[in-house]
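Step one of this worksheet: look at the structure below.
Throughout, a chain's letter reflects where its sequence line sits, starting with A, and its residues are numbered from 1.
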There are 2 protein chains.
Amino acid sequence: MSLTAANIAAKPKPAATEGNGCQRFNTMPGNGAQPKTNYCASCAAHDKALCSRLTGSDLAEFGSMSQHKTITAGQMLFSEYDDARYYYTVISGDVRLSRMLDDGRRQITGFKSTGDFIGLGTDGHFTADAEAINEVVVCQFTVPTLNQSLEEYSVVQGRLMEMMQEEVINLQNHMLLLGRKTPMEKIANFLVERAKKYSGVDLDGDAITEVDVKLPMSRTDVADFLGLTIETVSRTITKLRKNGVIALETAQHIVIKDIEELELIANGEA
Amino acid sequence: MSLTAANIAAKPKPAATEGNGCQRFNTMPGNGAQPKTNYCASCAAHDKALCSRLTGSDLAEFGSMSQHKTITAGQMLFSEYDDARYYYTVISGDVRLSRMLDDGRRQITGFKSTGDFIGLGTDGHFTADAEAINEVVVCQFTVPTLNQSLEEYSVVQGRLMEMMQEEVINLQNHMLLLGRKTPMEKIANFLVERAKKYSGVDLDGDAITEVDVKLPMSRTDVADFLGLTIETVSRTITKLRKNGVIALETAQHIVIKDIEELELIANGEA
DNA sequence: CGCTGGATTGATTACCTTCAAGGTTGGTGG
DNA sequence: CCACCAACCTTGAAGGTAATCAATCCAGCG
């Protein structure tokens with residue numbers, strides 16, 4: 001089977017500068033003689049990624065078909081309507097996926113970071129723009145390569161299926177947010193989600209007082225993710241700050257002072 | 001591999017009345033001696049459904065593991081948080097999938113009809129409510145049965161993957177609509193989508209004048225799908241009617257008078 | 001014929017957007 | 001080192017649009 005039924009067109013139109021995609025393992029720090037097995041096993045993305053269920057020689061062989069590529073901040077990984085030549089796993093950095101209307105209105109459909117797969121929702125062509133928010137390293141497979149690997153490694157296919165399920169659930173959650181939540185609920189929701197995913201702190205434990213949340217993306221990005229204007233985002237964050245629920249270290253570094261209150265707000269219970 | 005990694009909990013809590021799920025082929029009209037092969041092959045949903053790539057004895061065997069079930073208007077197929085015991089394919093009728101907030105605010109995440117698969121975005125539990133809009137017939141597989149079938153029939157798995165891709169694209173489109181489109185654009189978009197999917201007319205052909213669109217769902221459903229209030233839905237439809245772009249046969253039966261204009265409006269180009 | 005639920009229309013309000021200005025931060029170059 | 005600049009963020013004021021509140025209309029049905 002194949003991830004997309006459509007065949008790839010003959011004339012690929014690369015989005016990002018081509019040819020800077022270094023050979024696999026080139027980005028491996030230091031010791032080039034390190035066994036392949038250990039390389040992918042020690043990858044920061046491995047635990048959450050498509051390859052998470054592969055180990056040993058399977059992992060090494062699967063990984064050997066991939067390449068690392070580095071994208072600088074602001075650069076496009078691909079654009080909507082581009083032929084889908086590669087699928088990607090984010091190793092480090094942050095990517096925004098977005099769709100646009102002709103007049104410039106934009107909806108960010110998701111932020112992708114370490115371990116996330118990029119290429120879901122593709123039918124031979126990409127259906128969104130993918131841009132690097134900061135310096136990003138991705139692990140890329142060509143579409144035919146990955147499709148063949150899916151047949152060979154059923155655990156990879158299973159993991160992909162699982163990741164697609166998670167994506168559908170995420171998108172449904174976000175639809176509820178976009179369609180029915182107030183700006184305050186949207187912002188609170190966004191901050192809580194960020195805290196859960198990226199703070200590394202177990203929020204379910206008691207005695208949680210403060211949680212650091214880093215926002216690599218701009219206010220404009222946040223606005224386009226939540227279906228708001230940049231001014232409303234700013235004002236709402238200010239309101240949360242004045243209420244003492246959060247504090248701003250810098251514009252991109254928020255400290256949640258009262259995570260429980262923020263969760264209540266996020267779910268419309270406050 | 002399995003569609004969901006999570007195992008199903010021991011105590012299933014059925015949403016719809018159980019036991020009315022008739023044995024497979026019971027709903028077959030008339031001749032009970034008709035060969036199995038022909039039954040599924042002549043199913044109204046087959047062309048678009050999960051089983052669309054199966055033929056002959058494979059199709060018959062696959063189909064023999066399913067049951068048909070009929071749900072009356074307003075009845076729940078399942079509720080959010082229910083253990084996911086079955087996956088469904090809609091044979092006839094219309095189903096709405098929705099998520100709710102505690103205070104009753106609701107977002108409809110999709111309308112499902114003939115051929116559509118219900119069960120995407122599930123992690124052992126359903127993540128949305130599924131309700132019958134009118135009388136609905138579904139073809140259901142138990143979760144373990146379908147998971148096993150996916151391993152056995154790779155074409156089914158491929159089709160499922162493809163359907164998940166389509167679903168992700170749909171959801172992303174709808175996020176753009178919810179987050180960034182005006183009420184007028186939302187309504188126009190909705191009508192055009194309905195026309196494309198259900199009118200049976202090829203809209204790309206020239207010389208298209210009028211297109212009939214049936215809306216089985218209520219205005220409340222439309223509002224909760226588009227992130228609007230019922231009043232705004234009604235007012236916007238009225239505006240389109242007064243502009244001559246559409247006409248109302250009845251509240252649930254709309255005639256598109258100018259499909260091109262409606263498409264322009266839907267994409268913010270008018 | 002009256003009843004009921006859904007749809008439409010009307011009037012008012014609140015909220016978010018828009019338009020506009022000021023403030024902050026980080027980088028660059030003199 | 002500091003001034004300057006640009007980009008981004010925040011704050012303010014005004015206005016419009018969709019939500020809310022409320023009444024009427026309409027179709028289906030007992």
Please set out all donor-acceptor pairs under 3.5 angstrom arising from side-chain atoms of residues 229-240 of chain A, sequence neighbours excluded.
from	atom 1	to	atom 2	distance (Å)
A:Thr229	OG1	A:Thr232	N	3.2
A:Thr229	OG1	A:Thr232	OG1	3.0
A:Thr236	OG1	A:Thr232	O	2.6
A:Thr238	OG1	A:Ser234	O	2.9

Problem - B:Asp83 versus B:His125, side-chain donor and acceptor atoms under 3.5 Å - result: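 A donor-acceptor contact under 3.5 Å links the two side chains.
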Exercise for the section: May I ask you to check whether A:Tyr87 and A:Phe117 place their ring centres under 6.0 Å from each other? Expected result: yes
Practice task
Would you please confirm or rule out a distance under 4.0 Å between OP1 or OP2 of C:dA7 and any side-chain N or O of B:Gln252?
Solution key: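 For B:Gln252, the contact criterion (side-chain N or O under 4.0 Å from OP1 or OP2 of C:dA7) is met.
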Handout entry: A:Leu77 side, atom CG; A:Phe126 side, atom CZ - distance, nearest 0.5 Å
Key = 7.0 Å
Handout entry: Contact letters for nucleotides 10-20 of chain D, in which S counts primed atoms plus P, OP1 and OP2 and B counts the base, heavy atoms under 4.0 Å
Key = BBBB----SSB
When the distance from [atom1] of [X] to [atom2] of [N] is rounded to whole Å, what number comes out?
| X | N | atom1 | atom2 | value |
| --- | --- | --- | --- | --- |
| B:Met217 | C:dG5 | CE | C1' | 18 Å |
| A:Asp103 | C:dT17 | CG | P | 15 Å |
| A:Glu249 | D:dC9 | CD | P | 17 Å |
| A:Ile133 | D:dC8 | CD1 | P | 13 Å |

Can you tell if the side chain of [X] reaches within under 4.5 Å of the side chain of [Y], non-hydrogen atoms only?
| X | Y | answer |
| --- | --- | --- |
| A:Asp129 | A:Phe78 | no |
| A:Val213 | A:Val255 | no |
| B:Phe111 | B:Met217 | yes |

Listed pairs, N/O of protein and of nucleotides 25-28 of chain D, under 3.5 Å:
none

Exercise for the section: State whether B:Asp212 and B:Arg194 are salt-bridged, where the test is any N-O pair (Lys NZ or Arg NE/NH1/NH2 against Asp/Glu carboxylate O) under 4.0 Å. Expected result: no
